[in-house]
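The structure under discussion appears below in the form of structure tokens.
Note that the coordinates shown come from a computational prediction; the quantities given were computed from them, not determined experimentally. To find a chain, count down the sequence lines: A is the first, B the second, and so on, and within it residues start at 1.
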There are 2 protein chains.
Amino acid sequence: MVGQIDLDKMTDTPAKMTRNQKQKRQMILDAALDVFSLDGFRGTSLDQIALKAGISKPNLLYYFSGKEEIHTALLEGLLDAWLAPLRAMDAQGDPLTEVLKYLDAKMNMAMSYPLESRLFANEILRGAPHLENYLKGSLKSLVEEKSILLQKWMDLGQLRQVNPKHLFFSIWAMTQHYADFDVQVSAILGEDRESNFAQARAFQATMISQLLAP
Amino acid sequence: MVGQIDLDKMTDTPAKMTRNQKQKRQMILDAALDVFSLDGFRGTSLDQIALKAGISKPNLLYYFSGKEEIHTALLEGLLDAWLAPLRAMDAQGDPLTEVLKYLDAKMNMAMSYPLESRLFANEILRGAPHLENYLKGSLKSLVEEKSILLQKWMDLGQLRQVNPKHLFFSIWAMTQHYADFDVQVSAILGEDRESNFAQARAFQATMISQLLAP
DNA sequence: GTTAAAACTGACCAATTGGTAAAATTGCGG
DNA sequence: CCGCAATTTTACCAATTGGTCAGTTTTAAC
């Protein structure tokens, strides 16, 4: 996964973690992602995670202090990756192209990291207690920064005037829908995921282009 | 709530339910909605629901046979309402107007029924075991029917050619985002929900109009 | 007023849950 | 090989969970 968890940052002890510890922790996190992305924080038990990871529950608790730490480790491991595509939006680039590149990057993520997307969605649905700082901190300030950029482009007549923040919400909503609501999309379109994503990309690119071309 | 649960359909006994029973069941369902919409099926306990409803757990179980019945009753109570706006799309109407009316109706629902939207989202995230028939049944066939209608309008040159199903997904995604991800939207825009929705409506109407006007 | 039905409750049950502690096992360095 | 550290496991704990049951209270019907 992009934004592979930097495990060094997550240990409380001054000791450096061994390679085995890193691997074991990652293995636990992978198992945890499977479960948290389905049933959310409260609906996930440590036994479920341990079973999926193929280790005992106390063994799992040897590497993580508890359920909270596992969950927040997962979330923290993805936040930078989530913000990276928006950060990459380049003030020197062609405006429409930059927005379409962002859209494309978000679709790449939805396609490649559906579980992470659902983990995030589950956390938002429960009111985001573990994401409070992120939402009001780095996400908010980055959205503000890029909204100003978009507004500048619009003021220069390089993009049609729209509300930049709502543009971002619509991009997030549309792209993550294919990850989060995959069972709905598949039920309606069938299970050829590649084809579904390809169609979605084409549709969305048209939509954004029609909206923003001046 | 639109689509107020028809309680008569949900009793196993041949006996007609009294007015008090109807009220009590509704009260339980209201409490349950609060909890299920936050923590999903597995993350919700009967004790939580009972506490919120202000009754004992066995009393709650006097009216419903168990957790499953409460959850499915809630979901079933909203499915018709969820489909109604799409059903209302009128083949005799002006195409763009009909699509915009649908968009408007979906935003009305997102604004008025955020908990129901989150209940639905939670169920989808866990793979929708309680929505399987709905997704592959009435939803799928209605989407098929209305996609054919949209395609006909497009073939007549009354709307721009786009993929109708992906248009529906984008409308669902964008509108429900304001309900499902409300904590994110509020963190970024502030907590004036009416204003946020008003801006969103304007933005989306522009987006859909730009996309579909031939 | 009496009786039966409906509604409600406290106590209880087996299983599950997040976790702890001690014992056992494995790995590593000298 | 030995001693110690790291890792894993078994056993256990108090609390929670979805539910059951019997007793009590309230309501409805006559």
Side-chain angles (χ1 to χ4, degrees), chain A residues 7-8 10-36 38-74 122 126 129-130, chain B residues 7-8 10-36 38-74 122 126 129-130:
Chain A
L7 292 171
D8 288 343
M10 282 186 287
T11 183
D12 290 341
T13 71
K16 192 88 183 272
M17 267 200 279
T18 65
R19 180 181 164 82
N20 175 64
Q21 287 176 336
K22 286 180 186 177
Q23 290 186 333
K24 207 53 158 285
R25 281 179 68 110
Q26 188 57 49
M27 191 180 78
I28 290 164
L29 292 174
D30 289 343
L33 178 59
D34 276 356
V35 192
F36 279 131
L38 269 183
D39 289 313
F41 182 77
R42 201 175 186 281
T44 290
S45 69
L46 290 175
D47 268 324
Q48 280 177 302
I49 300 173
L51 196 72
K52 204 158 207 76
I55 61 174
S56 67
K57 183 174 52 168
N59 193 201
L60 177 156
L61 291 169
Y62 177 78
Y63 290 94
F64 291 90
S65 63
K67 198 169 162 184
E68 293 262 353
E69 197 197 331
I70 300 171
H71 193 246
T72 55
L74 277 173
N122 259 301
R126 77 177 187 128
H130 288 164
Chain B
L7 293 170
D8 287 345
M10 282 187 292
T11 182
D12 291 339
T13 70
K16 190 89 184 242
M17 262 198 283
T18 65
R19 180 180 162 85
N20 174 65
Q21 288 177 336
K22 287 180 185 177
Q23 289 186 331
K24 207 51 160 282
R25 281 179 67 109
Q26 189 57 48
M27 191 181 74
I28 290 165
L29 292 173
D30 288 344
L33 178 60
D34 276 357
V35 192
F36 280 130
L38 269 183
D39 290 312
F41 182 77
R42 201 175 186 281
T44 291
S45 68
L46 290 176
D47 268 324
Q48 282 176 302
I49 300 173
L51 196 71
K52 203 158 208 70
I55 60 176
S56 69
K57 183 173 55 166
N59 192 201
L60 179 155
L61 290 168
Y62 177 80
Y63 291 95
F64 291 90
S65 62
K67 197 168 159 185
E68 295 261 351
E69 196 197 332
I70 300 172
H71 192 247
T72 55
L74 275 173
N122 260 301
R126 77 175 188 128
H130 288 164

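Separating the CG atom of Asp39(B) from the C1' atom of dT17(D) is a distance of 14 Å, rounded to the nearest angstrom. In this structure, Lys22(B) atom NZ and dA6(C) atom C1' are separated by 17 Å, rounded to whole Å. The distance between atom CZ of Phe64(A) and atom C1' of dT20(C), rounded to the nearest whole Å, is 19 Å. Look at CD1 on Ile49(B): it is 8 Å from P on dG18(D), rounded to the nearest Å. In this structure, CG of Asn20(A) is placed 14 Å from C1' of dA5(D), rounded to the nearest angstrom. What separates CD of Glu68(A) from P of dG18(C) is a distance of 11 Å, to the nearest Å. Here dC28(C) presents its P atom at 13 Å from CZ of Arg19(A), a figure rounded to the nearest Å. We find that NZ of Lys57(B) is positioned 13 Å from C1' of dC21(D), with the value rounded to whole Å.
When distances are taken from the side chain of Leu46(B) to each of dT8(D), dG18(D), dA7(C), the shortest belongs to dG18(D). Distance from the side chain of Pro58(A) is smallest for dT10(D) among the nucleotides dT7(D), dT10(D), dT17(C). Looking at the side chain of Asp47(B), the nearest of the listed nucleotides dT17(C), dG19(C), dT17(D) is dT17(D).
In this structure, Arg42(A) reaches the dT17(D) phosphate: one of its side-chain N or O atoms is under 4.0 Å from OP1 or OP2. Look at Lys67(A) and you won't find any side-chain N or O under 4.0 angstrom from OP1 or OP2 of dT17(C). OP1 or OP2 of dA7(C) lies within a sub-4.0 Å distance of a side-chain N or O belonging to Gln21(B). Using a 4.0 Å cut-off, some side-chain N or O of Asn59(B) falls inside it from OP1 or OP2 of dT9(C). A sub-4.0 Å separation between OP1 or OP2 of dC8(C) and a side-chain N or O of Tyr62(B) is absent. Taking side-chain N and O atoms only, Ser45(A) has no distance below 4.0 Å to OP1 or OP2 of dT16(C).
Counting heavy atoms from C-beta outward, Lys24(B) and Met27(B) have side chains that approach closer than 4.5 Å. Residues Arg19(A) and Gln23(A) form a side-chain contact, since some pair of their non-hydrogen atoms from C-beta on lies under 4.5 Å apart. Two residues are said to be in side-chain contact when any heavy atoms from C-beta on lie closer than 4.5 Å; Ile70(A) and Thr44(A) fail this criterion.
The backbone N or O of Phe41(B) sits less than 3.5 Å from a side-chain atom of Lys67(B), completing a donor-acceptor pair.
Residue contacts for Lys24(B): at a heavy-atom cut-off of 4.0 Å it reaches the sugar-phosphate backbone alone, with no base atom in range.
Of the options Leu33(B), Ile55(B), Asn59(B), Leu74(B), a side chain to side chain contact (heavy atoms under 4.5 Å, CB included) to Ile28(B) is made by Ile55(B) and by none of the others.
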